[in-house]
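Okay, structure first, notes after.
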There are 2 protein chains.
Amino acid sequence: MIESRTTASALAGADTTSAPSTRVQLIAAGRKLFGQRGFDGSSIRAITDEAGANLGAVTYHFGSKRGLYSAVLEEGLRPMAARVTEAASAGGTALDRMLRIVRAYFEHFETHPDLPHLLLQEVAAGKQPPPVVIEIVRGVKETIAGLHVEGQTDGSVREGHPVLTALSVVSQPVFMTLVAPMLATVGPFDLREPAARRLALEHSLAFVRAGLEPREDLQP
Amino acid sequence: MIESRTTASALAGADTTSAPSTRVQLIAAGRKLFGQRGFDGSSIRAITDEAGANLGAVTYHFGSKRGLYSAVLEEGLRPMAARVTEAASAGGTALDRMLRIVRAYFEHFETHPDLPHLLLQEVAAGKQPPPVVIEIVRGVKETIAGLHVEGQTDGSVREGHPVLTALSVVSQPVFMTLVAPMLATVGPFDLREPAARRLALEHSLAFVRAGLEPREDLQP
DNA sequence: GATTCAATCATACGTTCGTATGAATACGCG
DNA sequence: CGCGTATTCATACGAACGTATGATTGAATC
C-alpha cells in the first residue's frame, strides 16, 4: 500500500514561496466543496477537478478522502482558534475580551464563510471528528468558559453557567453565518453582504453585552 | 413513468387508525437517517431497510429520493412552526411571548433533536430548499420579527433590528441542539440529557431576556 | 369467483463512487 | 549526465448508488 504523504508534506508546508503545490490546492478545493456540499456530497473527482489535479492526487497526498477531510478541518480551524485565543488574552475586562471574541469570529467568517457548516455537518451526525478537531474545539470552549469565570471575579460578567455562556456567545457569529444562505432565500436580507454583516456584528455585540453584563438595578 | 403516490397518499394521510403504513415508516426512517447522516450520506437502501420496506418503496411513494426528503422536511417543520405560532399568539407582553417561543423550541427539539441539522444541512450549501420549506421558515421569521416590533410599542423589548433579533433568539435553542453531540465529545457536558437540557433552557431564557429587555438605567 | 387497481416485491441497468496499480515524468544531487 | 526519489498521470476494479421494470400479491367491488 502507498504511504500517505501527509506528514512529509506537512513538514514541507512551511515553504510559502513556491508555486501553489498540489497539496495546497487540494486543501483549498476540499474546503470549498466539503463546506458547500458536505463530505458525502463532494466526490474526489470533483475535488481534484476543482484543484486542477489528477484523480489520484488525494490518495497520494492524504491517503484517503477522509484524510483530506481531516486536513481541511485542521487547517480551517487552527487559524480561527488562534484568533480566539489572541482576542481572549488581550487587555480590558473579561467582558471586553468576550466581545472581542465575537468580533474575531465575525471577521474570520467573512473570509471563511463555509467554516461553520464544515465543522457542524459531521458533528451533528454524532460521528467522532478527528482527534485534532476535538482538541481545538475543546481549547476554544475552555478559553471562553475561563473568561466567564474571570468575568465574575472582576465583576464584568454576571453569574451563570460558564459552558452555556460560551455557547450563547459563540452561537451569534456561527449561527448568523450558518443561516445566511437560507435567510437570503426567504427574504431580502442577505447576511453575506458587507453592509448587512456590519449590522449583524453590531447587533450581536449589543445582544451579547446585554446578555452578559451584570444588571445595575440588581447590584446597586 | 410511474407517477408518484405522494398526493394520493397525503390525502389518505388523515387515516390515523390503520397500522403504520409504509409511507409513514419511510418518513420516519428518512427523518432519522437524513438528520443523522445527511442527504447524500443516506442511501435509499439504508432508508428502506430502516423502514422495513422494499427497495422500490421510496420511488413508488415519493417519486424520488429528493421527494422523500421534501416530505420529511415538511412533516418535521410544520409542527414546529405551529408551536411557534401558538406561542406567539398567547397572552402577555411581547417579551413574554418571545420567551415562550424559546421554550417551545426547546420542548420540540427534545423529541426531534435531528431537526436543526436536517434543516440546516442543505441550506448551508446554498441550495434552494423545497418551496414549502421556504414558506414555513419565512412564516416563522416574520412571526418573531413582528413580535419584536410589537415589543417596542408595548415597551417590553428594546429597540433593534427585528430580523437580527429573531435570529439571536432562535439561535439559542437551535444552536444548543446542533452542537450537543460535539459538546458531549469534547467534554463531560451532554446537552441531550434531561437535566442538562433544563439548565440550558433556563440559561437561554435568562440570556434572551437580558438581551431583549429595555435597560431600566437607560430609561428611567 | 372474476375483475381491478393500489401496493409490494425481486431484480436489472447504467452511472458514479473511492481506491489501487503501474507507467510516465519531474527533480535534486553525485 | 545519470541515477534515485517524489510526484503526476491514465486507467482499471469492484462496490454502491438512484432509478426503472415487470411480475406478484392483497383487498375491495361487482
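The chains referred to below are lettered A, B, ... by the order of the sequence lines, with proteins before strands, and numbering in each begins at 1.
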Run the salt-bridge test on A:Arg97 and A:Glu150 with the 4.0 Å N-O cut-off and return the result as yes or no. yes

So, does A:Ser64 get its side chain near the phosphate of C:dG18, meaning an N or O under 4.0 Å from OP1 or OP2? no

Let me know, please, whether A:Ser43 or B:Ala53 comes out on the 5' side of the other along DNA chain C by nearest nucleotide. B:Ala53

Would you mind classifying the nucleic acid contact of A:Ser42 as base, sugar-phosphate or nothing, using non-hydrogen atoms under 4.0 angstrom? sugar-phosphate

How many Å lie between CG on A:Asp49 and P on C:dC17, as a whole number? 10 Å

Short N-O contact, A:Glu75 and A:Arg31, less than 4.0 angstrom: no

Taking 4.0 Å as the cut-off, does a side-chain nitrogen or oxygen of B:Thr59 come that near to OP1 or OP2 on D:dG18? no

Pi-cation contact, B:Tyr60 with B:Arg23 (under 6.0 Å, within 45°): no

Tell me whether the side-chain N/O atoms of B:Asn54 come closer than 4.0 Å to OP1 or OP2 in C:dA7. no

Length of the CG-P vector between A:Asp40 and C:dG18, whole Å: 9 Å

What integer distance in Å separates A:Lys65:NZ from C:dG18:P? 4 Å

Pair A:His112, A:Tyr105 - check ring-ring contact (aromatic ring centres under 6.0 Å, His included), show working. CA-CA 10 Å; A:His112 301 91; A:Tyr105 271 114; over 10 Å; no

Spacing between B:Ile44 atom CD1 and C:dT16 atom P, to the nearest angstrom: 16 Å

Taking only side-chain nitrogens and oxygens of B:His61, does any of them come within less than 4.0 Å of OP1 or OP2 of C:dT8? yes

Given DNA chain D, 5'-ward residue of the pair A:Arg45 and A:Ala57, judged by closest heavy atom: A:Ala57

